Amino acid sequence: MVAKPSTPTGFESHRRRAGIFLVSPAIAAMMLTSIVPLILAIGLSFTDYDLFSTPSFNGLTNYQQLFSDSVFWQALGNTISFAFGQVVIGVVAAIGVALLFNQNLTGGAAMRTIVYIPQAASYVVVALLWNMMLDPAMGPFSRIVQAFGGGPVYFLSSIELAMPSIVVVSLWRNIGYFMIIILAALKSVPKELLEAAALDGAGAIRRFFYITLPEIRSAVVFVAITWFLGGLQMFTQSYVMTGGGPINATKTLVYIMYDEAFSALNIGKASAIAVLLFGAVVVLSVSLRAISYLMRRKSQ
Amino acid sequence: MANVVLEKIGKHYGPVEVLKGISIEVEEGEFVALVGPSGCGKSTLLRTIAGLEDISAGVINIGGRVVNDLRPMDRDIAMVFQNYALYPQMSVLQNMSFSLKLKGVPKAQVLERVNRAAAILGLENLLQRYPRQLSGGQRQRVAMGRAIVRDPQVFLFDEPLSNLDAKLRVQMRAEIKELHQRLGTTMIYVTHDQVEAMTMASKIVVLRDGVVEQIGGPLELYDNPRNKFVAGFIGSPSMNLLDGKMTPEGFTTPDGIVLPTGNKNPNAVTYGVRPEHLTIAPTGMPLKVSVVEPTGFETQIIGTVGNQHFTGIFRDRIDAAPGSTIHVSSELSVVHLFDEKGDSLA
Amino acid sequence: MKSSKSRLPMATWHGVALVLAALYVVPMIYIVLASLTPTGEPVGQVPSRLEFGNYIDAFASSNFGLFLANSVLVSVISTAAQIALSCTAGYALAKLPLPGKGLIMMLLVALLVVPPEIVMVPLFVMSKQVPFIGGNDWLGNGGQGLIDSLPGLMAPHVVSALGIFLMRQFYQDLPDELGDAARVDGASERRIFVMIYTPLVMPAVAVVGIFAFQSAWNDFLWPLIMTRSTDMQTLQLGLTVFFQENSTQWNLLMAVVLTISLPVLALFLFIQKFFRADVMSGAVK
């Protein structure tokens, strides 16, 4: 440190000691639960390790195996299509729902709470609920189709419908949370701006695209990043609703990481998946941040 | 009550020196104002006296005791902060008694002292209220009350009035001055407002860039500023300062306007005269009027002499049209001259 | 502004809102009805009678009472730990001089985006290798370490970068002069932290607390990895196992789902006033 305190008995060094004392437990805990495991993951990804014998270095073998494994590529594709699908539909829907609740609707507050409620439920609970709702025999959706003369719909056991169903169920749970964030941003759009635009003859659609959307941009970007990064970690919905099937159609990266570690006892390969996921998250968040920084600078 | 002696106080944050060897003596019971533009180091200096910041060099002496290494609580000082710093979660009573409770003063005595301070400041009816329920002026009084109950050797004020509106500021100014006369405690008062310093303090310390520019009584600084900075800082509106050089005829501006001076020091490069020392005189310097501001009590004229800015304040009501030229002059005794370095040529 | 033209869109808005609400209300009604359907009747229809005994049967048919206790213990203790660590570290980072503060802040911001799933496998390896615990020798070999234990279940939830970061933001927003005033008044650094600043960030503590509680309570992957015996299962895990083993007993399953969701929901709605979306998004910008 350059800003050295004058005397060793000085007041600033006293406060510094207090600071170190207060921050140390949290730093130690972060070290043990995040930083060391992260480093350990990188280290283990270069080893052959089955949890019981001593890890042995095997270079890039784990990565090579992954890259030549079709299930890995399928899981990667599933993860990206889940995260991407959820974010694209979700952001548009969340903006739409937020705009809806930004009107002075009768019973608006109650309806807003209802949309927000699933947020309190765990993914396990939501998944079980929708397992029932999407059941081919007794679920309402399948029954409606049948009432109109169709056959039972196998939402979760058809390759085409399984992942879209999980996307919709995840949207159902998460929209409330992101809607609230966008709603808060909408409420802080200056009324004068909208009124001035209305006086200038701008219609509702024009006002939305030229004033509202730019004003809530940073909230939308935050929602999109958070949601996408969250989507990359999807596991519980697949595990509970489809068990990763049918034929790996809903296996995600975290899912195959779990399989590798705890079914195949291949800790090294599981760590390699974790490292790749970590790399993707870092690259994504850094580049997104850089883009939004550049956009902000350009608009100034 | 105690005196405060600062000897060659230095402080740096890394390579940035904020206080450069400041020496000040504050007598027992004196009211001293530390004044200067923002960033001059006045607040930092006050905080080092309080013990809230360490010093890098020098000695701080309060009441004959070196306090360099003492913690704030052991220095027997009390401080009033700019934003009052009242504890929001505590009532006025709790705010005022906090320090005494920490000291372990018996409850009855705490109440007695708080009540006495509350009576001095007219806070008797507000003791159960919380800071958010108080007006700006009341908060200010509570902040002072919190200082008074401790009965400290020295009061430190850090721009205590700058969050108040103009009217209240004038009123609180008088109250603090009255408080000083009543308690007789040594007070050190930081402000960027030279009017506050002039009206309240018995001694003013003008600081700039971590250096003491001048120490003296209010009128001393007004009448005999040691340099161009003090001359410009003390007084409102500030002193007119015209560039030029000394010629045998007198001080001559680049536009060839000759200004009479008593002192003919050839080193003079700046001519200074206060706006309020000017009178209308047909033989005086030409002041080209750009704005006339009548306040009823006086008339302020803003314009240029040659092409340099110039302001005049006159007790008469002057009916000068913008764009016209009037002639003004002053007595030679109130003219200031400054050399290249900005030092006064008395 | 109140022209007849704006009437029609308002009606449309209401219609859309009702459809949206229905998407949420219908499944909730479904749970309630399913949970009251007598065993043997197909769920998804109006039951012939309301069988409240399902709630008793459900909890009797598995160890849900025990799972509930495990979940409560894990969630409450790790929430308390996370609040304590977030407050102390957040305060130190906001208000006290610290060597390497910039570095710590950079690490925290970086950790904000690291998904917990990424460290699950190595954290599991570390939990298994804790020396002297769970039958381990001093090298951490031989036993199962923290695996299948309550402390092991708490491990990933006792601290979070987000919690520390949020608390730092809140402490930061409070004026430094409060602490200075207290220092002059004679308060120790500990007292300033506990008595002056922390009472002023209680809303933030509530936010951090509910985040922590939710993440521990709703966690699924970690208990799935860490649990070997039925005794150590949490509700989320127990529920999933029950579903896998008795997939046709929707009525009992929904009775449990409803029972365990309601308390959290109540807590959630109660604390909702502390949820300020702008605070949450502001923390990450």
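All chains are named by letter (A, B, ...) in the order of the sequence lines, taking the proteins before the strands, and each is independently numbered beginning at 1. Please read these numbers as outputs of a predicted model, since none were measured by experiment. Values reported hereafter were calculated over all heavy atoms of this structure, with side chains retained and with hydrogens, waters and symmetry mates removed.
- The aromatic rings of C:Y24 and A:W172 lie parallel to each other, with less than 30° between the two planes, well short of the 60° mark.
- In this structure the side chain of A:S122 never reaches within 4.5 angstrom of the side chain of C:W217, judged on heavy atoms.
- Between C:Y91 and A:L22, some side-chain heavy-atom pair lies under the 4.5 Å cut-off.
- Within the 4.5 angstrom heavy-atom criterion, atoms from both the backbone and the side chain of C:A161 approach chain A.
- Within residues 30-38 of chain A, the residues that have a heavy atom under 4.5 Å from a heavy atom of chain C are A:M30, A:L32, A:T33, A:S34, A:I35, A:V36, A:P37, A:L38, listed by number.
- Comparing C:V256, C:V257, C:L221, C:L23 by heavy-atom pairs within less than 4.5 Å of chain A, the highest count is held by C:L221.
- Looking at C:V113 and A:F278, their side chains never come closer than 4.5 Å, going by heavy atoms from C-beta outward.
- Both the backbone and the side chain of A:N131 come within less than 4.5 Å of a heavy atom in chain C.
- If you measure heavy-atom distances from C:L93 to chain A, the contacts under 4.5 Å come from the side chain alone.
- Contact annotation: the side chain of A:I117 approaches that of C:M28 to within less than 4.5 Å [non-hydrogen atoms, C-beta and beyond].
- For C:E189, the side-chain contact (heavy atoms from CB on, under 4.5 Å) test picks out A:F11, A:H14, A:R15, A:A18, C:L96, C:R183, C:I192, with sequence neighbours left out.
- For chain C, the nearby part of A:V97 is the side chain; its heavy atoms alone come within less than 4.5 Å.
- Ranked by heavy-atom pairs shorter than 4.5 Å toward chain C, the options A:V23, A:L100, A:L40 are led by A:L100.
- Listed by first and then second residue, the salt bridge (charged side-chain N to carboxylate O under 4.0 Å, His left out) pairs involving residues 82-96 of chain C are C:K95-C:D176 (not counting sequence neighbours).
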*Are C:V125 and A:Y49 close enough, and set up right, to give a side chain to side chain contact (heavy atoms under 4.5 Å, CB included), and what steps lead you there?*
CA-CA 10 Å; C:V125 173; A:Y49 181 43; 3.9 Å; yes
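- At least one side-chain heavy atom of A:I27 sits less than 4.5 Å from a side-chain heavy atom of C:I104.
- Neither the backbone nor the side chain of C:S127 comes within less than 4.5 Å of any heavy atom in chain A.
- Using a 4.5 Å cut-off between heavy atoms, A:L229 contacts chain C through its side chain alone, with no backbone atom that close.
- Ranked by heavy-atom pairs under 4.5 Å with chain C, the list A:I20, A:V115, A:L44 is led by A:V115.
- Interface residue C:Q129: only side-chain heavy atoms are found under 4.5 Å from chain A.
- Of all heavy-atom pairs between A:V240 and C:F243, the closest is O-CE2, 3.6 Å.
- Evaluation of the ring-ring contact (aromatic ring centres under 6.0 Å, His included) rule for A:F101 yields no partner, not counting sequence neighbours.
- Put simply, of C:A92, C:A21, C:A84, the one with the most heavy-atom pairs under 4.5 Å next to chain A is C:A92.
- Using a 4.5 Å cut-off between heavy atoms, C:L265 touches chain A through backbone and side chain atoms alike.
- Considering every non-hydrogen atom in both A:A120 and C:N218, the closest pair reads O-ND2, 4.0 Å.
- Interface remark: C:L235 contributes no atoms to any contact with chain A (heavy atom separation under 4.5 Å).
- Scanning both residues, C:A17 and A:M111, for their nearest heavy atoms gives O-SD, 3.6 Å.
- With a 4.5 Å cut-off on non-hydrogen atoms, A:T236 touches chain C through its backbone and its side chain both.
- Both the backbone and the side chain of A:A29 come within contact range of chain C, judged by heavy atoms closer than 4.5 Å.
- Of all the heavy atoms in A:M133 and C:P27, the pair that sits closest is CE-CA, 3.8 Å.
- By the 6.0 Å contact criterion, CD1 on A:I205 is open, its count of non-hydrogen atoms from other residues, nucleotides or ligands being 12 or less.
- Note: C:F220 and A:Y239 meet the aromatic proximity criterion, with ring centroids under 6.0 Å apart.
- Taking 4.5 Å as the limit, some side-chain heavy atom of C:P115 sits within range of a side-chain heavy atom of A:V281.
- The choice from C:L111, C:V16, C:I118 that makes the most heavy-atom pairs within less than 4.5 Å of chain A is C:I118.
- At a 4.5 Å heavy-atom cutoff, C:L237 makes no contact with chain A through either its backbone or its side chain.
- Contacts of A:A41 with chain C are made by both backbone and side-chain atoms, with heavy-atom separations under 4.5 Å.
- Within the 4.5 angstrom heavy-atom criterion, atoms from both the backbone and the side chain of C:I31 approach chain A.
- Note that CG of C:L20 is 13.0 Å distant from CZ of A:R112, once rounded to the nearest 0.5 Å.
- Chain C forms more heavy-atom pairs under 4.5 Å with one residue of A:M257, A:M132, A:K187 than with any other, namely A:M132.
- Nearest heavy-atom pair, C:M254 versus A:L128, reported as atom, atom and distance to 0.1 Å: CE-O, 3.6 Å.
- Between chain C and the options A:V254, A:L183, A:L51, the largest number of non-hydrogen pairs under 4.5 Å is found for A:L51.
- Among all heavy-atom pairs drawn from C:V159 and A:A26, the shortest one is CG2-O, 4.2 Å.
- Within the 3.5 Å criterion, the main-chain N or O of A:Q119 finds a donor-acceptor partner in the side chain of C:Q214.
- Among C:M120, C:K128, C:R190, the residue with the largest count of heavy-atom pairs under 4.5 Å with chain A is C:K128.
- Two residues are said to be in side-chain contact when any heavy atoms from C-beta on lie closer than 4.5 Å; A:I267 and C:V121 meet this criterion.
- Only the side chain of A:Y258 comes within less than 4.5 Å of a heavy atom of chain C; its backbone N, CA, C and O stay farther away.
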